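Report on one structure; see the data block that follows.
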Amino acid sequence: MLRRTNPTVSDTQVEWSKDSYDLSTDEDKKNRRGNVTKKASEFVKSKLEAVIWVAAGIIVGNSSDIMNVVRSSDQVARPWLMFGCACILVNCLLFTWCLLTAPARKYVNWEKERPRTIQSATVIGIFSFFSLCIGLWPVYSWWCLPMLGLWSMSAIEAFHFVPSF
């Protein structure tokens, strides 16, 4: 859009200045560059936090030897553990269904688009957390609470690395 150099002049006598194509001031340009830098730094910060959470989850998983404990320990309360694993599987299926049936938009407000699914997934997630705590309590005692919390955050943060199509 072009800007008139003298707004009191009529349309037939309009003079256009060379720099009238850009309506933004130097301060606006600096703010835009600052916002881009701020967005880039927030992006890098969120990815770095995600890497730290995922790395912490992997380290704790390896050091606690959770896979061998789940497979071979007689102390594990298997029915509770299997119920917790089933709840995690149901949650994964719910979120996969949400993603596959979501409209092809950049941003989807899940609370408005799928309110019952989010509520169901929340309740199922709470059930899975407590049943996994009960199932692993005989082996890890109170350590299962921070371990499961860390693995939950690690699983959530791992979605930073799933590409959006």
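Everything numeric here is computed off the predicted structure, so don't read it as measured data.
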Practice task
Using modelled atom types only, decide if a donor and an acceptor are shared between the side chain of Ser131 and the backbone of Gly84 within a distance under 3.5 Å.
Solution key: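 Yes; judged by distance alone, with no hydrogens or angles, the pair exists.
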Problem - Audit row: Cys133, Leu145, side chain to side chain contact (heavy atoms under 4.5 Å, CB included) steps and yes/no - result: CA-CA 7 Å; Cys133 281; Leu145 296 171; 3.4 Å; yes
Distance check, rounded to the nearest 0.5 Å: [X] atom [atom1] versus [Y] atom [atom2]?
{"X": "Ser41", "Y": "Leu48", "atom1": "OG", "atom2": "CG", "answer": "12.0 Å"}
{"X": "Met82", "Y": "Leu132", "atom1": "CE", "atom2": "CG", "answer": "9.5 Å"}
{"X": "Leu93", "Y": "Ile88", "atom1": "CG", "atom2": "CD1", "answer": "12.0 Å"}
{"X": "Leu94", "Y": "Ser120", "atom1": "CG", "atom2": "OG", "answer": "6.5 Å"}

Handout entry: Partner residues of Arg116 under the side-chain hydrogen bond (donor to acceptor under 3.5 Å, both in side chains) criterion, sequence neighbours left out
Key = Gln119
Which pairs count as side chain to side chain donor-acceptor pair (under 3.5 Å) when at least one residue sits in [range], sequence neighbours excluded?
{"range": "residues 136-156", "answer": "none"}
{"range": "residues 48-67", "answer": "Asp65-Asn68"}
{"range": "residues 69-82", "answer": "none"}

Completion exercise
When every non-hydrogen atom of Ile124 is compared with those of Cys87, the smallest separation belongs to CG2-O, 3.3 Å
According to a 4.5 Å side-chain heavy-atom criterion applied to Ile, Leu, Val, Met, Phe, Trp and Tyr, with indirect links allowed, do [X] and [Y] form part of one hydrophobic cluster?
{"X": "Val90", "Y": "Leu148", "answer": "no"}
{"X": "Met67", "Y": "Leu150", "answer": "yes"}
{"X": "Val139", "Y": "Ile66", "answer": "yes"}

Exercise for the section: Considering only Ile, Leu, Val, Met, Phe, Trp and Tyr, and joining two whenever side-chain heavy atoms are under 4.5 Å apart, list the other residues clustered with Ile58. Expected result: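 The other cluster members (ILVMFWY side chains, heavy atoms under 4.5 Å, direct or chained) are Val51, Val54, Phe161.
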Handout entry: Side-chain cluster (under 4.5 Å, hydrophobic types only) that Phe83 belongs to, other residues
Key = Val123, Phe127
Practice task
Flag the pair Ile118 / Phe95 as yes when at least one side-chain heavy-atom distance between them is below 4.5 Å, and no otherwise.
Solution key: yes
Practice task
In sequence, state the C-alpha distance, the side-chain angles, and the governing distance for Val70 and Val76, and then conclude on side chain to side chain contact (heavy atoms under 4.5 Å, CB included).
Solution key: CA-CA 7 Å; Val70 167; Val76 174; 5.6 Å; no
Exercise for the section: Flag yes if more than 12 heavy atoms outside Phe130 fall under 6.0 Å of its CZ atom; otherwise flag no. Expected result: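 No.
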